[in-house]
Amino acid sequence: TLTVRELAEFLDQAVPGVSVPSLRRTLTVAAQPWLLEHRPEGRALLPLAALVTVALAERPLPARLVRGKVLMPCEVRSDTLELDRVDDAAGGFVVRTDGVVLASGAVEAAAEPLALLPTEPLKRGGLSLAHFHEEFGFHGPSLRALADTPEVGATQVCGWITGHADPVRLIDGMLQLALYWLAENRGLSAVATGFAEFRQLLPWPSEGNLFCAGRLTSATADRLLGDFDLRDAQGVLVAQWRGVEARVLGAVAETSSAAAAWPEVKELAARKAALATAGFAMPYFHVHEGVAAATTRIGGRDFINFSSYNYLDLAGDPAVNAAAADAVRRYGTSASASRVASGERPLHRELERTLADFLGCDDALTLVSGHATNVTLISHLFGPEDIVIHDSLAHDCIVSGARLSGARRLVFPHNDVAALARLLEIERPKARRALVVVEGVYSMDGDLAPLDEVIALKQRHGALLLVDEAHSLGVLGATGRGAGEHFGVPRSAVDLWMGTLSKALASCGGYVAGEAALIDYLRYTLPGFVYSVGLSPANTAAALAALRLLGGQPERPRRLRARSEFFRELCRERGIDTGLSRHSAVVPCLTGSSELALHLSQSLVERGINVQPIFHPAVEEGKARLRFFITSGHTEAQLRETADTLAEIRAQWREARA
Ligand code: PMP
């Protein structure tokens, strides 16, 4: 029942001397080219085989490694990984990286060979190795170790493993053999998590292939157990592995209480498994290793990047970074309280004053999250006697806020002003207050709410209006002041100007700006503000610095819009459908089918271009797309290369299907 941290602390404190590493290994991509190539579920994880080699390093042979266990998956995030092995006097060890315990086990001397695996009739597998690696494997070229198509039976598998003197590849090869069996017989993939015993009887041969036989000993929906014998070409036993445990990827344990309580938990796992089985890498949770701007680095590779909100290229800007660092030096890392009760810093008011002045509003209030801003704002200001009317493509935070308010929630078809007019006509007289919510720029389609027409309607019907400027602040308008500037409407025509600090303003948080009396009321009563911590000093300073840069450099939004227009034009020339996208920096490329969206995004990743696919159920089937976020930092050459590559891959796909 010890947590990993407790175990580490126990080992460091309770056993004298064991915190000093007995062995240190530095893995680098140059020396261990497979370091970033083991990617179950799309993440680079240190292979169990690497932990086995560290556990056995510099031990007299034959050696017997028992109770090997991966305690915590080690995600490899850079080209170098330092591993320490800490041994105790009784043969127990842990492997750590950066103080975190990854694996544990014990090594004992003298090992007798175990009984050899029995055999059953086997036949050559039907999956080609290429197909296997593509659809079920998660191993890069320098880790792939199957020399030939394995032979498989009902519970057994055997085949030749090519390691070329790299023990990690050899050991992982045994697991790849088992994975082949699983793919061939069950169409599943799995990743090893531990074992009962590993015996190394001879040094790893420096050349030649090894023959491995494996056997499944037990299986549940989510776990597999198996054994392996590894021999040289003369049939001499080199190593044996018993009780190797693997977790089936995408499976949720039958015993999981979460799965019992929420069928949705199992449903999600099944969807992820289906994606993996269809040969698609997980398109989510990519780990970016630096600033995500026009380019980014993922898994040690550089990409042209279209999946950041860093519209004005200010996240990562030296002046913004310096302001955040200075704020941390001065005020620390947290506001440490709600601003009402001791959390206020001079930066908070400075940001709000600057924001209000930039927008031309009386005052502004900032909160720790853009999403939470809409949720708390709408639910606080409206109630059961009111109506909230929003666009059918409204962001989740608007829908959630409206739901929580208890007001009657009415939806009009996307940008259909006539439908909005009808709703107001019929419903407005029955309600105490009516709120209309639109977005400056819609985040899935990149089109604009017709703000001038919406304002005319809200005035005619005596409704209130909230405009979400998440994707329009810093983007629209001659000087980046958003939808209001784009449409040339008076500031006071909109009651609540809401936006986020996380996009053009290179920070994290949300704001609402408007009339002084209303903002002051919110400052004392808005639950998401009053009962939540103040914006962190670093985030406040970053947003303030970004806002000042934006104020002084209107060429940034101008360049952003020009680059976005350029990209739309490139797409148009190549017959790529950018849907409704106009004026904004969100450019969807509609693919129709989810399968094509996934295929295109994955093929683009292979070609060094990172863009997010959006597919069913996030959008209706038939409306799948790639969504490009353009930034002011994208060069014309990058945009041209992207459009060309996209058109080329799409043409190949069509040709293959013709
Ligand atoms: N509103 C809209 C329209 C958004 O697209 C988003 C985020 N994508 C938000 C609000 C929430 O902002 P944040 O991510 O800063 O919480």
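We count ligands from 1, going down the list as the structure has it; atoms in each ligand are counted the same way.
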List ligand 1 atoms under 4.0 Å from [X], heavy atoms only on the residue side.
| X | answer |
| --- | --- |
| Ala470 | 1 (N), 2 (C), 3 (C), 4 (C) |
| Ser502 | 13 (P), 14 (O), 15 (O) |
| Cys397 | 1 (N), 10 (C) |
| His371 | 11 (C), 12 (O), 13 (P), 16 (O) |
| Tyr309 | 8 (N) |
| Gly370 | 11 (C), 12 (O), 13 (P), 15 (O), 16 (O) |

What is the nearest protein non-hydrogen atom to [atom], stated with its residue, atom name and distance?
| atom | answer |
| --- | --- |
| atom 1 (N) of ligand 1 | Asp468 OD2, 2.6 Å |
| atom 14 (O) of ligand 1 | Lys503 NZ, 3.5 Å |
| atom 5 (O) of ligand 1 | His471 NE2, 2.7 Å |
| atom 4 (C) of ligand 1 | His395 CD2, 3.2 Å |
| atom 12 (O) of ligand 1 | Thr500 CG2, 3.1 Å |

Only distances under 3.5 Å count here; give the side-chain donor-acceptor pairs of residues 448-458 to other protein atoms, sequence neighbours excluded, each with its distance to 0.1 Å.
residue: Lys458; atom: NZ; partner: Asp495; partner atom: OD2; Å: 2.9

Handout entry: Sole residue of Val417, Val438, Leu424 in side chain to side chain contact (heavy atoms under 4.5 Å, CB included) with Phe412
Key =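 Filter result, single survivor: Val438.
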
Handout entry: Side-chain H-bond candidate by donor/acceptor type, Ser603 with Glu606, under 3.5 Å
Key =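 Checked: Ser603/Glu606 side chains show no N/O donor-acceptor pair below 3.5 Å.
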
Problem - Donor + acceptor pair across side chains of His414, Asp447 (<3.5 Å) - result: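 Side-chain D/A pair, His414 to Asp447: present.
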
Exercise for the section: State whether the shortest distance between N or O atoms of Glu439 and N or O atoms of ligand 1 falls below 3.5 angstrom. Expected result: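 Looking only at distances, the answer is no, because the N/O contact criterion of under 3.5 Å is not met.
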
Under 4.0 Å between a Lys/Arg side-chain N and an Asp/Glu carboxylate O for [X] and [Y]?
| X | Y | answer |
| --- | --- | --- |
| Arg558 | Glu555 | no |
| Arg43 | Glu41 | no |
| Glu427 | Lys430 | yes |

Practice task
Using non-hydrogen atoms of the residue, decide whether Tyr442 is closer than 4.0 angstrom to ligand 1.
Solution key: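 Tyr442: no contact with ligand 1 (<4.0 Å).
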
Handout entry: Pairwise side chain to side chain donor-acceptor pair (under 3.5 Å) hits with a residue in residues 573-585, at least two apart
Key =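 Residue pairs with at least one partner in residues 573-585: Arg568-Ser581, Arg574-Asp644.
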
Problem - Lys NZ or Arg CZ of Arg627 over Phe306 ring: under 6.0 Å, within 45° - result: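 No cation-pi geometry.
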
